[in-house]
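Since the model is a prediction, treat every value here as computed from it, not as a measurement.
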Amino acid sequence: FLSAFAIVKIKIFDTKTQIIYSTDRKIVGQMNESNAKLAGALNGKVSSTYESKDHVWDLKDEKRFEAGIVETYVPVRGPGGKIVGSFEIYKDVTDDIAHARQALFSNGATLLGIVLTVFTVLVLLMRRSTRTIARKTAEVRDNQEKYRRLFSAETHAILIFDADSRQLVDRNKAAGPLYGLADGEGEGRGIGEFIADLSHADELIRAVLAGERCEPRQCDHTKVDGTA
């Protein structure tokens, strides 16, 4: 009946470490004084350890089994709780280990599949994002080129000032002769060097920054040498 529980051997020891019963009858009566785990059980300690088939056997004459074994020691208590001996039980865990390994392999394969799937999705998303960024960058560059061509080709003078510093940050080619600027000259100059009525210019700038619609207005401009 023990085979149904995968128990391959039972030993019962008295307090002097003598085997008084065993399913392996030829070791009955032998002493096992050097067994530290048995000594622990006789002192009230329960222990359970896995042992390979080559290290589990305590006695020379024991019947051996080709299996992985969990060796368990349990103290036996009599009336009043006094320890009167110890059980030693050998349980075959070969099938349990095989099932655990199979489950570990299956879970590992599942986890690996999930990791590979997530990695593949991330790579695809990164590639799509990279293509999107490249396309948007190309569009911005193309728009900048279009703006630069239109800006440079415009025959009317265009001045662009920084809203905070009121300094010139860009101008088109037509603004050079009108304001007396040589090629590449003008950047960093204040708005007061180009417009005579600064209060009028500030009013227009505040309106533009506020998002208001501004109608074209006439005002006096000056060249950088001070002439109108």
Side-chain angles (χ1 to χ4, degrees), residues 1-140:
F1 74 95
L2 296 177
S3 60
F5 303 97
I7 295 175
V8 296
K9 183 183 290 188
I10 292 177
K11 299 178 194 173
I12 301 177
F13 296 87
D14 63 14
T15 55
K16 296 180 181 180
T17 73
Q18 185 178 29
I19 301 173
I20 59 175
Y21 172 81
S22 175
T23 51
D24 185 0
R25 294 185 178 182
K26 64 182 178 181
I27 62 172
V28 174
Q30 293 191 31
M31 305 292 291
N32 199 354
E33 298 172 338
S34 62
N35 189 328
K37 288 177 283 189
L38 173 59
L42 293 175
N43 283 296
K45 181 181 179 182
V46 176
S47 66
S48 186
T49 56
Y50 171 77
E51 301 286 354
S52 67
K53 63 184 180 180
D54 297 322
H55 298 92
V56 68
W57 314 113
D58 301 321
L59 302 172
K60 180 179 179 182
D61 297 330
E62 283 191 82
K63 182 180 178 180
R64 298 174 180 248
F65 298 89
E66 296 295 319
I69 298 294
V70 169
E71 182 183 24
T72 303
Y73 288 85
V74 181
V76 178
R77 298 182 184 272
K82 181 180 178 180
I83 295 175
V84 296
S86 172
F87 271 104
E88 181 183 6
I89 302 170
Y90 293 83
K91 185 178 187 303
D92 182 359
V93 293
T94 304
D95 289 342
D96 298 327
I97 293 174
H99 292 155
R101 286 175 176 170
Q102 183 178 5
L104 181 62
F105 176 79
S106 177
N107 292 338
T110 301
L111 180 60
L112 179 60
I114 293 172
V115 170
L116 290 176
T117 300
V118 172
F119 179 75
T120 302
V121 171
L122 289 176
V123 169
L124 292 176
L125 289 175
M126 289 177 62
R127 287 183 177 178
R128 187 171 69 177
S129 298
T130 301
R131 289 195 295 267
T132 300
I133 293 172
R135 185 176 67 253
K136 294 297 183 181
T137 301
E139 290 176 359
V140 170

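- Atom CZ of residue F13 and atom CD of residue E88 lie 4.5 Å apart, to the nearest 0.5 angstrom.
- Contact annotation: the side chain of V93 approaches that of Y50 to within less than 4.5 Å [non-hydrogen atoms, C-beta and beyond].
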Could you walk me through whether D96 and K91 pass the side chain to side chain contact (heavy atoms under 4.5 Å, CB included) test, one step at a time?
CA-CA 11 Å; D96 298 327; K91 185 178 187 303; 3.4 Å; yes
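- Closest heavy-atom contact between N32 and L38: O-CD2, 3.7 Å.
- A distance of 10.0 Å separates OG1 in T15 from CD1 in I83, rounded to the nearest 0.5 Å.
- Counting heavy atoms from C-beta on, the side chains of V123 and M126 never come closer than 4.5 Å.
- Within 6.0 Å of atom CD in Q102, 12 or fewer heavy atoms from other residues, nucleotides or ligands are found, so the atom counts as exposed in its surroundings.
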Show, in sequence, the C-alpha distance, side-chain angles and deciding distance for T94 and D92, and conclude whether the side chain to side chain donor-acceptor pair (under 3.5 Å) test is met.
CA-CA 6 Å; T94 304; D92 182 359; 2.7 Å; yes
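- Nearest heavy-atom pair across S48 and T72 is OG-OG1, 3.0 Å.
- Within the model, atoms CG of D24 and NZ of K26 stand 6.0 Å from one another, a figure rounded to the nearest 0.5 Å.
- Closest approach of G44 and R77 over heavy atoms only: CA-NH2, 3.8 Å.
- To the nearest 0.5 Å, atom CG of residue L122 and atom OG1 of residue T117 are 11.0 Å apart.
- Between E71 and K37, the shortest heavy-atom contact is OE1-NZ, 2.7 Å.
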Verdict with supporting geometry, Y21 and V28, side chain to side chain contact (heavy atoms under 4.5 Å, CB included):
CA-CA 6 Å; Y21 172 81; V28 174; 5.7 Å; no
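- Residues V8 and T23 approach most closely at O-OG1, 4.2 Å, considering heavy atoms.
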Check the pair F87 / V76 against side chain to side chain contact (heavy atoms under 4.5 Å, CB included), numbers first and verdict last.
CA-CA 7 Å; F87 271 104; V76 178; 3.3 Å; yes
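- The CE atom of M31 sits 4.5 Å away from atom CD of E33, with the distance rounded to the nearest 0.5 Å.
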Verdict with supporting geometry, I7 and I89, side chain to side chain contact (heavy atoms under 4.5 Å, CB included):
CA-CA 7 Å; I7 295 175; I89 302 170; 3.9 Å; yes
Tell me, with the steps shown, if K11 and Y90 meet side chain to side chain donor-acceptor pair (under 3.5 Å).
CA-CA 9 Å; K11 299 178 194 173; Y90 293 83; 2.9 Å; yes
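- Smallest separation of non-hydrogen atoms from A39 and N43: O-ND2, 2.8 Å.
- The only option from T17, D14, N35 that meets the side-chain contact (heavy atoms from CB on, under 4.5 Å) definition with L42 turns out to be T17.
- Side-chain contact between V46 and P75 is present, with at least one heavy-atom pair separated by less than 4.5 Å.
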